[in-house]
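Beneath this line is the structure, given in structure tokens, with notes to follow.
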Amino acid sequence: MAKSKSLFFCKNCGYQSSQWLGKCPSCGEWSSFVEEVIDRGEGQKGKSHLAKTIQNSPKRLDEISLVQIPRIGTGYSEFDNVLGGGIVAGSITLLGGEPGIGKSTLLLQMVLKIKDKRILYISGEESEAQLKMRAERLFPGHHPDNLFILTETSTQEIFEHIKNVQPELLVIDSIQTLQSSLIDSAAGSISQIKECAAEFQHYAKTSAVPVFLIGHITKDGSLAGPKILEHIVDTVLQFEGDQHYGYRIIRCIKNRFGSTSELGIFEMQANGLREVLNPSEILLSGRDEEFSGSAISAILEGNRTMMIEIQALVSSAVYGTPQRSATGYDIRRLNMLLAVLEKRCRFKLGAKDVFVNIAGGINVDDPAINLAIVAAILSSAADIAIDPKTCFAGEMGLNGEIRPVTHIDQRIAEADKLGFTRMFLSKYNLKGLNTKDLKIKLIPISKVEEIYKHLFE
Ligand code: TYD
Ligand code: MG
């Protein structure tokens, strides 16, 4: 009897080895290797059905005709933008995200909206009845003729159905449920995921049908998938958000057909995802009363500017060690800001608890938010509210100097458009700025102490 063959894979990056290793030589992760049976030694299963059905031959560049294939619109401009202007024929896109974030909802909504393209939506996770219920919830009574639903997990079976249906767009929910009979390991294992993705990649490239793959990912990376597939697919989208808020953000991590700086914002509602075309409006809503400890920053996410509210609470520490906590912002950066305030400006925050919260459950990396965080902390410490028509955009250095930020014109324009009357920014940002047509008043500052004088003295 033939011997069964197994290989070891790194759960983190997919590195393959013939023996177990304690540390992955590729990504440096410890104890990440798992064993997977690749071949039980039951003999050749025969070549992939694709090899048999698809005729292909090497071509010279001049033999390949240049055709401008129009992109397929998804029905949602937020989604189109992230893809770089719509779906490209023959592209393979991976949509990753935590379970329950709304990946199936987004793609089902998309296929329900696309008209005059034959679509095959394959689910290995939900039953036909569940999908029907979801579709009814999203678009009641909408039964397009061009959409076919299939619940199947075997890739060989799926390709048989594809031959019959001849789809022009394919959605697979999810790559972790698929199983190819060419590999013996279980569905969801690294070797299966790689093999199944490779089969669909081959299909997309040879048939010019765009393919969407859904892949689950968890915070600790315990589910295999997206990381391993990143180099196989053309586009990697990450769907993220906070379970407790309705906002969902699609970010582009890799895109062979567009820029990765685009970002789409949606809101999860009872009847599906709604596009949020003007994020500032919802992020700022509910600000009728003036409270101390609140400041607004003009931040940049991808290519978009939005106004976002920062709340800070400074109170006397009840216990010996003061607490510092930040939601939506890096706690180490908060500690750094507090240390600068303490050392350079002599604000006594050492015996205070400091809590910082970014509204809307959004995580902000843009350093331009620093100035607003400092202003919110100072406002709470002084217990004086900042005028709600004031906003901030600036980075703070270790000496308390206010540094310029990128795309200041875009930030100013957004603040101006939303009716803000004052904006604090670094004095270095004012150089070369055309401020003639602006209603908003720009207040340049160079040191953090000046903020305090302007606002509270
Ligand atoms: P789902 O698309 O199943 O997530 P994923 O495929 O990423 O695992 O959606 C998950 C959540 O979205 C689910 O908990 C319920 C919620 N939801 C709504 O709030 N409104 C809706 O219209 C739908 C379809 C789902
Ligand atoms: Mg799902």
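Note that ligands are numbered from 1 as they come in the structure, with each ligand's atoms numbered from 1 the same way. Heavy atoms only: backbone and side chains are in, while hydrogens, waters and symmetry mates are out.
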Check your understanding: Is there at least one pair of N or O atoms, one from G100 and one from ligand 1, spaced under 3.5 Å apart?
Key ->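 Yes.
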Practice item. Could you check which of Q269, R134, E98, K103 puts a non-hydrogen atom nearest to atom 3 (O) of ligand 1? Key: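 Closest candidate by heavy-atom distance is R134.
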Exercise for review: Report yes or no: does A270 have a heavy atom closer than 4.0 Å to ligand 1?
Suggested key: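 Within the 4.0 Å threshold, so yes.
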Practice item. For R256 and I232, work out which heavy atoms get closest and say how close. Key: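 Smallest heavy-atom distance, with atoms named: NH1-O, 4.3 Å.
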Review point. Does any N, O or S atom of T105, backbone or side chain, fall under 2.8 Å from the Mg ion (ligand 2)?
Key: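 No, T105 does not qualify, because none of its backbone or side-chain N, O or S atoms lies under 2.8 Å.
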By number and element, which atoms of ligand 1 are closer than 4.0 Å to a non-hydrogen atom of [X]?
X: N271; result: 22 (O)
X: P99; result: 8 (O)
X: G272; result: 20 (N), 21 (C), 22 (O)

Practice item. For atom CD of E128, decide whether the heavy atoms of other residues, nucleotides or ligands shown that lie under 6.0 angstrom number more than 12. Key: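 No, not enclosed.
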**Study point:** side-chain contact (heavy atoms from CB on, under 4.5 Å) partner of F148, chosen from I122, N164, L120, I119
**Key:**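 It is L120; the other options fail the test.
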Point to revise | Mutual orientation of the aromatic rings belonging to Y15 and F33 [parallel < 30°, tilted 30-60°, perpendicular > 60°] | key: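 Rings of Y15 and F33: perpendicular, as their planes differ by over 60°.
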Practice item. Using modelled atom types only, decide if a donor and an acceptor are shared between the side chain of S380 and the backbone of V314 within a distance under 3.5 Å. Key: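 Confirmed, S380 side chain pairs with V314 backbone.
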**Study point:** Residue pairs, two or more places apart or on separate chains, that pass side chain to side chain donor-acceptor pair (under 3.5 Å) and touch residues 359-375
**Key:**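 Residue pairs with at least one partner in residues 359-375: Y329-N370, D366-R411.
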